[in-house]
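The next block holds one structure in the form of C-alpha coordinates; read it before the comments.
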Amino acid sequence: MKVLEMKDVGKVFYTKTQETQAVSHLSFDVNDGEFVSIIGPSGCGKTTVLSLVCKLLAPTSGQVVLNGNSRVGYMLQRDHLFEWRTIEKNVQLGLEIMHKLTPENKEYANGLLKKYGLWEFRKHYPSELSGGMRQRTALIRTLATNPDLLLLDEPFSALDFQTRLTVCDDVYDIIKKEKKTALLVTHDISEAISLSDRIIVLSARPATVVAVHEPHLSDIPSPLKRRESSDFAKQFELLHGYLHGDKS
Amino acid sequence: MKNNFTREHLLFLRRQRVRKTLIHVTQVGVLLLLLGVWELAALLGWIDSFITSSPSRIWKTLVELIADGTLWKHLWVSTWETLAGFAIGTGLGYAVAVVLWWNDFLKEVFEPYIVVLNSLPKIALGPIIIIWAGTGKASIVTMAVLISVVITTITILNGFLETDKDKELLLRSMGANRLQIFVKLVAPANVPTLLATLKINVGMAWIGSIMGEYLASKEGLGYLIVYGKQVFRLDLVMTCTVVLCALAGLMYALVSLLEKAVVKKY
Ligand SMILES: Nc1ncnc2c1ncn2[C@@H]1O[C@H](COP(=O)(O)OP(=O)(O)OP(=O)(O)O)[C@@H](O)[C@H]1O
Ligand SMILES: [Mg+2]
(Lines give C-alpha, C1' and ligand atoms only; values in the text may rest on other atoms or scores of the structure.)
(Ligands and ions follow the chains in the order given, each with its own letter.)
Protein backbone atom coordinates (compact mmCIF):
# COMPACT_ATOMS: atom_id res chain seq x y z
CA MET A 1 0.00 0.00 0.00
CA LYS A 2 1.24 3.45 -0.90
CA VAL A 3 1.34 5.88 1.99
CA LEU A 4 2.65 8.76 -0.06
CA GLU A 5 2.70 9.56 -3.74
CA MET A 6 4.60 12.51 -5.18
CA LYS A 7 3.32 13.11 -8.70
CA ASP A 8 5.43 15.35 -10.88
CA VAL A 9 5.79 17.89 -8.09
CA GLY A 10 7.31 21.31 -8.67
CA LYS A 11 7.93 24.14 -6.20
CA VAL A 12 9.01 27.66 -6.97
CA PHE A 13 9.88 30.24 -4.31
CA TYR A 14 9.45 33.89 -5.08
CA THR A 15 11.39 36.59 -3.30
CA LYS A 16 11.86 40.25 -4.02
CA THR A 17 14.98 39.74 -6.07
CA GLN A 18 14.56 36.30 -7.56
CA GLU A 19 12.57 33.26 -8.36
CA THR A 20 14.01 29.97 -7.08
CA GLN A 21 12.96 26.68 -8.58
CA ALA A 22 13.58 24.39 -5.61
CA VAL A 23 11.88 21.22 -6.82
CA SER A 24 11.01 20.21 -10.37
CA HIS A 25 9.21 17.19 -11.86
CA LEU A 26 9.73 15.17 -8.72
CA SER A 27 7.97 11.82 -8.55
CA PHE A 28 8.36 9.02 -6.05
CA ASP A 29 6.26 6.82 -3.75
CA VAL A 30 6.64 5.60 -0.22
CA ASN A 31 5.06 2.26 0.68
CA ASP A 32 3.62 1.22 4.00
CA GLY A 33 6.27 0.04 6.45
CA GLU A 34 9.15 1.18 4.27
CA PHE A 35 12.17 3.16 5.39
CA VAL A 36 13.02 5.54 2.56
CA SER A 37 15.91 7.98 2.54
CA ILE A 38 16.40 11.02 0.39
CA ILE A 39 19.96 12.12 -0.25
CA GLY A 40 21.08 15.05 -2.30
CA PRO A 41 23.65 17.84 -2.40
CA SER A 42 23.19 20.58 0.19
CA GLY A 43 20.66 23.23 -0.73
CA CYS A 44 19.04 21.04 -3.39
CA GLY A 45 15.56 21.20 -1.88
CA LYS A 46 15.38 18.26 0.53
CA THR A 47 13.75 20.19 3.34
CA THR A 48 11.34 21.67 0.82
CA VAL A 49 10.26 18.16 -0.15
CA LEU A 50 9.43 17.31 3.47
CA SER A 51 7.56 20.61 3.93
CA LEU A 52 5.53 19.73 0.85
CA VAL A 53 4.74 16.28 2.22
CA CYS A 54 3.43 17.61 5.52
CA LYS A 55 1.51 20.37 3.76
CA LEU A 56 3.42 23.24 5.32
CA LEU A 57 3.99 24.31 1.72
CA ALA A 58 1.70 23.94 -1.26
CA PRO A 59 3.24 22.64 -4.50
CA THR A 60 3.43 25.05 -7.44
CA SER A 61 2.69 22.21 -9.82
CA GLY A 62 1.94 18.50 -9.55
CA GLN A 63 0.32 16.68 -6.64
CA VAL A 64 1.27 15.44 -3.20
CA VAL A 65 -1.04 12.58 -2.31
CA LEU A 66 -1.24 11.12 1.16
CA ASN A 67 -3.12 7.88 1.33
CA GLY A 68 -6.59 8.25 2.84
CA ASN A 69 -6.36 9.97 6.17
CA SER A 70 -2.71 9.23 6.76
CA ARG A 71 -1.20 11.55 9.28
CA VAL A 72 2.33 12.82 9.19
CA GLY A 73 4.77 13.42 12.04
CA TYR A 74 7.71 15.73 11.43
CA MET A 75 11.01 15.48 13.30
CA LEU A 76 13.37 18.35 12.67
CA GLN A 77 17.12 18.60 12.60
CA ARG A 78 17.46 19.82 16.16
CA ASP A 79 15.30 18.32 18.91
CA HIS A 80 13.47 21.60 19.60
CA LEU A 81 12.34 20.48 23.01
CA PHE A 82 10.67 23.28 24.96
CA GLU A 83 12.97 24.07 27.87
CA TRP A 84 10.12 25.15 30.13
CA ARG A 85 8.27 21.85 29.81
CA THR A 86 9.19 18.60 31.47
CA ILE A 87 10.00 15.61 29.29
CA GLU A 88 6.52 14.26 29.90
CA LYS A 89 4.89 17.54 28.85
CA ASN A 90 7.17 17.87 25.84
CA VAL A 91 6.08 14.46 24.65
CA GLN A 92 2.43 15.45 25.02
CA LEU A 93 2.83 18.65 22.98
CA GLY A 94 1.44 17.23 19.73
CA LEU A 95 -1.53 15.70 21.51
CA GLU A 96 -2.29 19.05 23.15
CA ILE A 97 -2.13 20.86 19.82
CA MET A 98 -4.44 18.35 18.19
CA HIS A 99 -6.85 18.42 21.16
CA LYS A 100 -6.32 14.72 21.65
CA LEU A 101 -4.95 14.64 25.16
CA THR A 102 -7.28 11.81 26.19
CA PRO A 103 -6.39 9.34 28.96
CA GLU A 104 -5.75 6.60 26.37
CA ASN A 105 -3.40 8.77 24.33
CA LYS A 106 -1.61 9.90 27.47
CA GLU A 107 -1.24 6.27 28.41
CA TYR A 108 0.20 5.54 24.97
CA ALA A 109 2.72 8.39 25.30
CA ASN A 110 3.69 7.22 28.78
CA GLY A 111 4.06 3.70 27.41
CA LEU A 112 6.55 4.97 24.84
CA LEU A 113 8.49 6.78 27.56
CA LYS A 114 8.62 3.59 29.60
CA LYS A 115 9.55 1.39 26.67
CA TYR A 116 12.38 3.62 25.57
CA GLY A 117 14.01 4.35 28.89
CA LEU A 118 12.80 7.87 29.59
CA TRP A 119 10.19 7.13 32.21
CA GLU A 120 12.49 7.97 35.13
CA PHE A 121 13.23 11.29 33.49
CA ARG A 122 9.64 12.29 32.82
CA LYS A 123 9.69 15.01 35.48
CA HIS A 124 13.06 16.35 34.35
CA TYR A 125 13.64 19.33 32.11
CA PRO A 126 15.33 18.91 28.72
CA SER A 127 18.48 20.70 29.89
CA GLU A 128 19.12 17.84 32.29
CA LEU A 129 19.28 15.24 29.51
CA SER A 130 22.09 14.16 27.18
CA GLY A 131 21.97 14.91 23.47
CA GLY A 132 20.99 11.36 22.61
CA MET A 133 18.20 11.26 25.17
CA ARG A 134 16.89 14.58 23.94
CA GLN A 135 16.76 13.24 20.41
CA ARG A 136 14.92 10.16 21.63
CA THR A 137 12.45 12.42 23.43
CA ALA A 138 11.91 14.35 20.20
CA LEU A 139 11.19 11.09 18.40
CA ILE A 140 8.74 9.97 21.06
CA ARG A 141 7.05 13.37 20.87
CA THR A 142 6.57 12.73 17.15
CA LEU A 143 5.37 9.16 17.74
CA ALA A 144 2.96 10.12 20.53
CA THR A 145 0.42 11.43 18.03
CA ASN A 146 0.60 8.03 16.30
CA PRO A 147 1.39 9.27 12.79
CA ASP A 148 1.32 6.92 9.79
CA LEU A 149 4.33 8.50 8.14
CA LEU A 150 7.37 9.87 9.92
CA LEU A 151 9.38 12.64 8.29
CA LEU A 152 12.92 13.01 9.57
CA ASP A 153 15.02 15.97 8.45
CA GLU A 154 18.67 15.21 9.20
CA PRO A 155 17.72 14.23 12.74
CA PHE A 156 21.26 13.27 13.72
CA SER A 157 23.31 16.06 12.22
CA ALA A 158 23.44 18.05 15.46
CA LEU A 159 25.14 15.16 17.27
CA ASP A 160 28.82 14.28 17.34
CA PHE A 161 29.93 11.25 15.34
CA GLN A 162 29.99 8.62 18.10
CA THR A 163 26.65 9.66 19.60
CA ARG A 164 25.27 9.85 16.13
CA LEU A 165 25.94 6.18 15.41
CA THR A 166 24.28 4.95 18.58
CA VAL A 167 21.35 7.37 18.43
CA CYS A 168 20.84 6.38 14.80
CA ASP A 169 20.65 2.73 15.83
CA ASP A 170 18.34 3.64 18.67
CA VAL A 171 15.95 5.65 16.50
CA TYR A 172 15.90 2.96 13.82
CA ASP A 173 15.07 0.38 16.44
CA ILE A 174 12.17 2.43 17.78
CA ILE A 175 10.77 3.14 14.33
CA LYS A 176 10.89 -0.56 13.43
CA LYS A 177 9.36 -1.67 16.73
CA GLU A 178 6.53 0.80 16.34
CA LYS A 179 6.11 -0.39 12.73
CA LYS A 180 6.26 3.08 11.27
CA THR A 181 6.84 4.21 7.73
CA ALA A 182 9.69 6.69 7.55
CA LEU A 183 11.01 9.22 5.08
CA LEU A 184 14.46 10.42 6.10
CA VAL A 185 16.43 13.30 4.63
CA THR A 186 20.19 13.22 5.00
CA HIS A 187 23.34 14.20 3.21
CA ASP A 188 25.24 11.36 4.86
CA ILE A 189 25.54 8.47 2.39
CA SER A 190 26.57 5.89 5.01
CA GLU A 191 23.58 6.79 7.15
CA ALA A 192 21.26 6.35 4.20
CA ILE A 193 22.71 2.94 3.26
CA SER A 194 22.64 1.62 6.80
CA LEU A 195 19.05 2.71 7.53
CA SER A 196 17.03 2.43 4.36
CA ASP A 197 15.06 -0.05 2.34
CA ARG A 198 15.26 2.39 -0.53
CA ILE A 199 17.34 5.49 -1.26
CA ILE A 200 16.21 8.29 -3.53
CA VAL A 201 19.08 10.35 -4.90
CA LEU A 202 18.21 13.91 -5.81
CA SER A 203 20.02 16.20 -8.21
CA ALA A 204 21.33 19.64 -7.37
CA ARG A 205 18.67 22.36 -7.37
CA PRO A 206 16.05 22.08 -8.74
CA ALA A 207 15.66 18.73 -7.06
CA THR A 208 14.55 15.86 -9.20
CA VAL A 209 15.18 12.12 -8.90
CA VAL A 210 18.56 11.07 -10.29
CA ALA A 211 18.54 7.45 -9.16
CA VAL A 212 16.79 5.03 -6.83
CA HIS A 213 18.93 2.54 -4.98
CA GLU A 214 18.05 -0.41 -2.77
CA PRO A 215 20.75 -1.46 -0.31
CA HIS A 216 19.28 -4.94 0.34
CA LEU A 217 20.76 -5.12 3.81
CA SER A 218 17.54 -5.74 5.71
CA ASP A 219 18.60 -9.22 6.81
CA ILE A 220 21.13 -7.53 9.10
CA PRO A 221 19.01 -6.09 11.93
CA SER A 222 21.22 -3.29 13.22
CA PRO A 223 22.23 -0.31 11.09
CA LEU A 224 25.54 -0.24 12.94
CA LYS A 225 26.30 -3.82 11.84
CA ARG A 226 25.20 -3.06 8.29
CA ARG A 227 28.07 -0.65 8.03
CA GLU A 228 30.40 -3.63 8.34
CA SER A 229 28.73 -5.50 5.50
CA SER A 230 30.99 -6.55 2.62
CA ASP A 231 29.37 -4.53 -0.14
CA PHE A 232 28.83 -1.42 1.97
CA ALA A 233 31.86 0.26 0.44
CA LYS A 234 30.75 -0.58 -3.08
CA GLN A 235 27.30 0.87 -2.45
CA PHE A 236 28.90 3.96 -0.98
CA GLU A 237 31.00 4.41 -4.13
CA LEU A 238 27.94 4.02 -6.31
CA LEU A 239 25.86 6.59 -4.43
CA HIS A 240 28.79 8.94 -4.19
CA GLY A 241 29.04 8.70 -7.95
CA TYR A 242 25.36 9.54 -8.40
CA LEU A 243 25.69 12.52 -6.11
CA HIS A 244 28.69 13.92 -7.88
CA GLY A 245 27.34 13.47 -11.34
CA ASP A 246 29.49 10.66 -12.77
CA LYS A 247 27.00 7.98 -13.62
CA SER A 248 29.50 5.45 -14.96
CA MET B 1 24.87 15.45 45.77
CA LYS B 2 25.37 18.47 48.04
CA ASN B 3 27.74 16.93 50.56
CA ASN B 4 30.10 15.22 48.12
CA PHE B 5 32.19 18.31 47.47
CA THR B 6 35.93 17.86 47.27
CA ARG B 7 38.18 19.88 49.52
CA GLU B 8 39.20 22.12 46.60
CA HIS B 9 35.60 22.73 45.75
CA LEU B 10 34.78 23.68 49.35
CA LEU B 11 37.73 26.05 49.35
CA PHE B 12 36.48 27.59 46.15
CA LEU B 13 33.00 28.05 47.61
CA ARG B 14 34.50 29.57 50.74
CA ARG B 15 36.47 32.08 48.70
CA GLN B 16 33.30 32.99 46.79
CA ARG B 17 31.44 33.54 50.04
CA VAL B 18 34.18 35.67 51.52
CA ARG B 19 34.26 37.78 48.38
CA LYS B 20 30.49 38.24 48.47
CA THR B 21 30.56 39.31 52.12
CA LEU B 22 33.41 41.70 51.41
CA ILE B 23 31.40 43.31 48.63
CA HIS B 24 28.38 43.80 50.89
CA VAL B 25 30.52 45.20 53.72
CA THR B 26 32.20 47.61 51.32
CA GLN B 27 28.86 48.70 49.92
CA VAL B 28 27.60 49.60 53.40
CA GLY B 29 30.97 51.15 54.16
CA VAL B 30 30.78 53.48 51.17
CA LEU B 31 27.32 54.63 52.26
CA LEU B 32 28.42 55.23 55.85
CA LEU B 33 31.52 57.07 54.70
CA LEU B 34 29.48 59.31 52.44
CA LEU B 35 26.99 60.06 55.20
CA GLY B 36 29.82 60.60 57.68
CA VAL B 37 31.71 63.06 55.49
CA TRP B 38 28.49 64.88 54.65
CA GLU B 39 27.51 65.16 58.31
CA LEU B 40 30.98 66.23 59.35
CA ALA B 41 31.23 68.82 56.59
CA ALA B 42 27.92 70.30 57.66
CA LEU B 43 28.92 70.23 61.33
CA LEU B 44 32.26 71.95 60.75
CA GLY B 45 30.67 74.50 58.43
CA TRP B 46 32.57 73.46 55.28
CA ILE B 47 29.24 73.42 53.52
CA ASP B 48 26.08 75.37 54.18
CA SER B 49 23.66 72.83 55.55
CA PHE B 50 20.80 75.17 54.75
CA ILE B 51 21.48 74.44 51.07
CA THR B 52 22.92 70.96 51.29
CA SER B 53 21.02 69.67 54.29
CA SER B 54 22.74 66.93 56.30
CA PRO B 55 22.06 63.34 57.35
CA SER B 56 20.99 64.32 60.83
CA ARG B 57 18.63 66.99 59.52
CA ILE B 58 17.19 64.51 57.04
CA TRP B 59 16.65 62.05 59.86
CA LYS B 60 14.95 64.72 61.97
CA THR B 61 12.69 65.72 59.09
CA LEU B 62 11.89 62.10 58.41
CA VAL B 63 10.85 61.54 62.02
CA GLU B 64 8.67 64.66 61.92
CA LEU B 65 7.06 63.67 58.65
CA ILE B 66 6.28 60.24 60.00
CA ALA B 67 4.97 61.60 63.28
CA ASP B 68 2.45 63.99 61.72
CA GLY B 69 1.36 61.46 59.10
CA THR B 70 2.41 63.62 56.15
CA LEU B 71 4.89 61.06 54.88
CA TRP B 72 2.43 58.16 54.71
CA LYS B 73 -0.15 60.22 52.91
CA HIS B 74 2.21 61.38 50.17
CA LEU B 75 4.12 58.13 49.99
CA TRP B 76 0.92 56.21 49.55
CA VAL B 77 -0.30 58.52 46.79
CA SER B 78 2.95 58.24 44.83
CA THR B 79 3.20 54.49 45.29
CA TRP B 80 -0.37 54.01 44.18
CA GLU B 81 0.15 56.15 41.09
CA THR B 82 3.35 54.36 40.23
CA LEU B 83 1.86 50.90 40.67
CA ALA B 84 -1.14 51.83 38.57
CA GLY B 85 1.09 53.31 35.85
CA PHE B 86 3.36 50.27 36.04
CA ALA B 87 0.52 47.77 35.74
CA ILE B 88 -1.41 49.60 33.04
CA GLY B 89 1.74 50.47 31.06
CA THR B 90 3.06 46.92 31.13
CA GLY B 91 -0.33 45.35 30.41
CA LEU B 92 -1.17 47.72 27.60
CA GLY B 93 2.32 47.46 26.10
CA TYR B 94 2.10 43.68 26.20
CA ALA B 95 -1.34 43.68 24.60
CA VAL B 96 -0.19 45.94 21.78
CA ALA B 97 2.84 43.71 21.22
CA VAL B 98 0.55 40.67 20.95
CA VAL B 99 -1.65 42.42 18.37
CA LEU B 100 1.34 43.53 16.30
CA TRP B 101 2.88 40.05 16.47
CA TRP B 102 -0.40 38.53 15.42
CA ASN B 103 -0.87 40.71 12.39
CA ASP B 104 2.12 41.46 10.17
CA PHE B 105 0.20 44.07 8.26
CA LEU B 106 -0.59 46.09 11.38
CA LYS B 107 3.00 45.70 12.55
CA GLU B 108 4.37 47.23 9.40
CA VAL B 109 1.76 50.00 9.42
CA PHE B 110 2.52 51.02 12.99
CA GLU B 111 6.29 50.58 13.01
CA PRO B 112 7.13 54.23 12.17
CA TYR B 113 4.59 55.52 14.70
CA ILE B 114 6.16 53.47 17.43
CA VAL B 115 9.64 54.64 16.53
CA VAL B 116 8.53 58.27 16.71
CA LEU B 117 6.63 57.76 19.95
CA ASN B 118 9.65 56.06 21.45
CA SER B 119 12.04 58.90 20.69
CA LEU B 120 9.56 61.56 21.75
CA PRO B 121 10.35 62.93 25.23
CA LYS B 122 7.07 62.10 26.90
CA ILE B 123 7.27 65.08 29.23
CA ALA B 124 6.56 67.24 26.20
CA LEU B 125 3.06 65.81 26.30
CA GLY B 126 2.63 66.98 29.90
CA PRO B 127 0.59 70.12 29.19
CA ILE B 128 -1.70 68.25 26.81
CA ILE B 129 -2.28 65.50 29.35
CA ILE B 130 -3.10 68.04 32.04
CA ILE B 131 -5.61 69.77 29.82
CA TRP B 132 -7.25 66.48 28.86
CA ALA B 133 -7.04 64.52 32.09
CA GLY B 134 -7.02 67.32 34.64
CA THR B 135 -4.52 67.91 37.41
CA GLY B 136 -5.49 64.91 39.50
CA LYS B 137 -4.17 61.40 39.78
CA ALA B 138 -5.51 60.48 36.34
CA SER B 139 -3.01 62.64 34.51
CA ILE B 140 -0.12 61.44 36.65
CA VAL B 141 -0.98 57.80 36.02
CA THR B 142 -1.33 58.65 32.33
CA MET B 143 2.18 60.06 32.39
CA ALA B 144 3.58 56.91 34.00
CA VAL B 145 1.72 54.77 31.47
CA LEU B 146 2.97 56.80 28.52
CA ILE B 147 6.56 56.50 29.63
CA SER B 148 6.47 52.74 30.09
CA VAL B 149 4.08 51.59 27.41
CA VAL B 150 6.10 52.24 24.25
CA ILE B 151 9.31 50.69 25.49
CA THR B 152 7.32 47.69 26.74
CA THR B 153 5.78 47.16 23.32
CA ILE B 154 9.13 47.45 21.58
CA THR B 155 10.98 45.09 23.92
CA ILE B 156 8.23 42.47 24.08
CA LEU B 157 7.54 42.56 20.35
CA ASN B 158 11.24 42.07 19.61
CA GLY B 159 11.23 39.06 21.92
CA PHE B 160 8.15 37.66 20.20
CA LEU B 161 9.68 38.10 16.76
CA GLU B 162 12.94 36.46 17.79
CA THR B 163 11.23 33.29 18.96
CA ASP B 164 12.79 30.27 17.25
CA LYS B 165 11.21 29.93 13.80
CA ASP B 166 11.93 26.19 13.69
CA LYS B 167 9.95 25.62 16.87
CA GLU B 168 7.10 27.47 15.21
CA LEU B 169 7.51 25.18 12.20
CA LEU B 170 7.34 22.17 14.49
CA LEU B 171 4.06 23.39 15.97
CA ARG B 172 2.65 24.15 12.55
CA SER B 173 3.57 20.64 11.38
CA MET B 174 1.42 19.41 14.27
CA GLY B 175 -1.40 21.55 12.91
CA ALA B 176 -1.20 24.40 15.43
CA ASN B 177 -3.09 27.63 14.75
CA ARG B 178 -1.83 31.12 15.58
CA LEU B 179 -3.41 31.13 19.04
CA GLN B 180 -1.80 27.82 19.93
CA ILE B 181 1.56 29.01 18.64
CA PHE B 182 1.22 32.01 20.92
CA VAL B 183 0.04 30.16 24.01
CA LYS B 184 2.30 27.11 23.72
CA LEU B 185 5.45 28.74 22.38
CA VAL B 186 5.73 32.48 21.99
CA ALA B 187 4.34 33.51 25.39
CA PRO B 188 6.27 31.00 27.51
CA ALA B 189 9.46 31.49 25.50
CA ASN B 190 9.24 35.19 26.33
CA VAL B 191 8.67 35.03 30.06
CA PRO B 192 12.29 36.16 30.60
CA THR B 193 11.70 39.10 28.24
CA LEU B 194 8.61 40.05 30.21
CA LEU B 195 10.50 39.92 33.49
CA ALA B 196 13.30 42.06 32.08
CA THR B 197 10.65 44.53 30.94
CA LEU B 198 9.10 44.58 34.40
CA LYS B 199 12.48 45.57 35.81
CA ILE B 200 12.85 48.40 33.32
CA ASN B 201 9.30 49.52 33.96
CA VAL B 202 9.78 49.92 37.70
CA GLY B 203 12.15 52.76 36.87
CA MET B 204 10.00 54.08 34.05
CA ALA B 205 6.84 54.20 36.17
CA TRP B 206 8.62 56.13 38.92
CA ILE B 207 10.00 58.62 36.41
CA GLY B 208 6.49 59.04 35.01
CA SER B 209 4.69 59.52 38.29
CA ILE B 210 7.26 61.88 39.81
CA MET B 211 7.47 63.89 36.61
CA GLY B 212 3.69 64.03 36.56
CA GLU B 213 3.64 65.27 40.12
CA TYR B 214 6.20 67.95 39.27
CA LEU B 215 3.96 69.22 36.51
CA ALA B 216 0.69 69.31 38.37
CA SER B 217 -0.39 67.82 41.66
CA LYS B 218 -1.54 68.50 45.17
CA GLU B 219 -0.02 65.44 46.79
CA GLY B 220 2.66 62.82 46.42
CA LEU B 221 6.40 62.73 46.95
CA GLY B 222 7.05 64.65 43.72
CA TYR B 223 4.69 67.34 44.97
CA LEU B 224 6.49 67.46 48.34
CA ILE B 225 9.83 67.88 46.57
CA VAL B 226 8.56 70.74 44.42
CA TYR B 227 6.90 72.30 47.46
CA GLY B 228 10.13 71.96 49.45
CA LYS B 229 12.02 73.69 46.68
CA GLN B 230 9.50 76.57 46.51
CA VAL B 231 9.67 77.29 50.23
CA PHE B 232 13.41 76.55 50.16
CA ARG B 233 13.32 73.70 52.66
CA LEU B 234 16.16 71.59 51.35
CA ASP B 235 15.73 69.19 54.27
CA LEU B 236 12.30 68.30 52.95
CA VAL B 237 13.58 67.91 49.38
CA MET B 238 16.43 65.65 50.47
CA THR B 239 14.26 63.56 52.77
CA CYS B 240 11.72 62.92 50.05
CA THR B 241 14.48 62.01 47.62
CA VAL B 242 15.89 59.50 50.09
CA VAL B 243 12.45 57.96 50.64
CA LEU B 244 11.99 57.77 46.90
CA CYS B 245 15.30 55.94 46.52
CA ALA B 246 14.25 53.44 49.15
CA LEU B 247 10.84 52.86 47.55
CA ALA B 248 12.18 52.39 44.02
CA GLY B 249 14.86 50.06 45.36
CA LEU B 250 12.27 48.04 47.24
CA MET B 251 10.07 47.65 44.16
CA TYR B 252 13.03 46.62 42.06
CA ALA B 253 14.01 44.06 44.68
CA LEU B 254 10.50 42.60 44.64
CA VAL B 255 10.59 42.20 40.86
CA SER B 256 14.04 40.60 41.14
CA LEU B 257 12.66 38.10 43.65
CA LEU B 258 9.84 37.28 41.28
CA GLU B 259 12.35 36.84 38.48
CA LYS B 260 14.47 34.47 40.56
CA ALA B 261 11.43 32.40 41.41
CA VAL B 262 10.12 32.18 37.85
CA VAL B 263 13.06 32.39 35.51
CA LYS B 264 14.83 29.20 36.63
CA LYS B 265 12.67 27.12 34.34
CA TYR B 266 12.83 29.35 31.28
N1 LIG C 1 10.77 30.02 2.10
C2 LIG C 1 11.68 30.12 1.09
N3 LIG C 1 11.70 31.24 0.33
C4 LIG C 1 12.60 31.35 -0.68
N5 LIG C 1 13.52 30.42 -1.01
C6 LIG C 1 13.53 29.29 -0.28
C7 LIG C 1 12.63 29.08 0.83
N8 LIG C 1 12.89 27.87 1.38
C9 LIG C 1 13.91 27.36 0.67
N10 LIG C 1 14.30 28.19 -0.32
C11 LIG C 1 15.36 27.94 -1.31
O12 LIG C 1 15.11 26.70 -1.91
C13 LIG C 1 16.31 25.96 -2.07
C14 LIG C 1 16.20 24.60 -1.41
O15 LIG C 1 16.13 24.76 0.01
P16 LIG C 1 16.03 23.56 1.02
O17 LIG C 1 16.09 24.12 2.38
O18 LIG C 1 14.86 22.73 0.67
O19 LIG C 1 17.35 22.75 0.69
P20 LIG C 1 18.02 21.54 1.48
O21 LIG C 1 18.36 20.52 0.47
O22 LIG C 1 17.17 21.14 2.62
O23 LIG C 1 19.34 22.23 1.99
P24 LIG C 1 20.33 21.76 3.18
O25 LIG C 1 21.14 20.64 2.64
O26 LIG C 1 21.13 22.98 3.45
O27 LIG C 1 19.45 21.36 4.34
C28 LIG C 1 17.42 26.81 -1.49
O29 LIG C 1 18.09 27.46 -2.55
C30 LIG C 1 16.71 27.81 -0.64
O31 LIG C 1 17.38 29.04 -0.66
MG1 LIG D 1 17.51 21.10 4.80
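Order of the sequence lines fixes the chain letters, A, B, ..., with proteins taken first and strands second; residue numbering starts at 1 for each chain. Heavy-atom basis, side chains included; hydrogens, waters and symmetry copies ignored.
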How close do Ile97(A) and Met174(B) get, counting heavy atoms only, and between which atoms? CG2-O, 3.7 Å
Okay, Leu81(A) and chain B: the region with an atom under 4.5 Å from a heavy atom over there is backbone
Assess whether atom CH2 of Trp119(A) is packed by more than 12 heavy atoms of other residues, nucleotides or ligands within 6.0 Å. yes
Non-hydrogen atoms of chain A under 4.5 Å away: do they reach the side chain of Asn177(B), the backbone, both or neither? neither
Are more than 12 heavy atoms, taken from residues, nucleotides or ligands other than Phe12(B), located less than 6.0 Å from that residue's CZ atom? no
Where is the tightest heavy-atom contact between Lys167(B) and Phe82(A), given as atom of each residue plus distance? CD-CE1, 3.4 Å
Pick from Thr47(A), Leu76(A), Asp153(A): which one makes a side-chain contact (heavy atoms from CB on, under 4.5 Å) with Leu169(B)? Leu76(A)
If you compare all heavy atoms of Tyr74(A) against all heavy atoms of Leu170(B), which two are closest, and at what distance to 0.1 Å? O-CD1, 3.9 Å
Residue Lys179(A) excluded, over 12 heavy atoms near NZ under 6.0 Å: no
Name of the residue among Glu96(A), Met98(A), His99(A) meeting side-chain contact (heavy atoms from CB on, under 4.5 Å) with Gln180(B): His99(A)
Below 4.5 Å from any heavy atom of chain B, which atoms of Arg71(A) appear? Answer side chain, backbone, both or neither. neither
Might you confirm whether atom CZ of Phe28(A) has over 12 heavy atoms from other residues, nucleotides or ligands at distances under 6.0 Å? yes
OH (Tyr108(A)) with more than 12 external heavy atoms under 6.0 Å: yes
Within a strict 4.5 Å, meaning less than it, do heavy atoms of the Ser173(B) and Leu56(A) side chains meet? yes
Does atom NZ (Lys176(A)) have a neighbourhood of more than 12 heavy atoms from anything else shown, all under 6.0 Å? yes
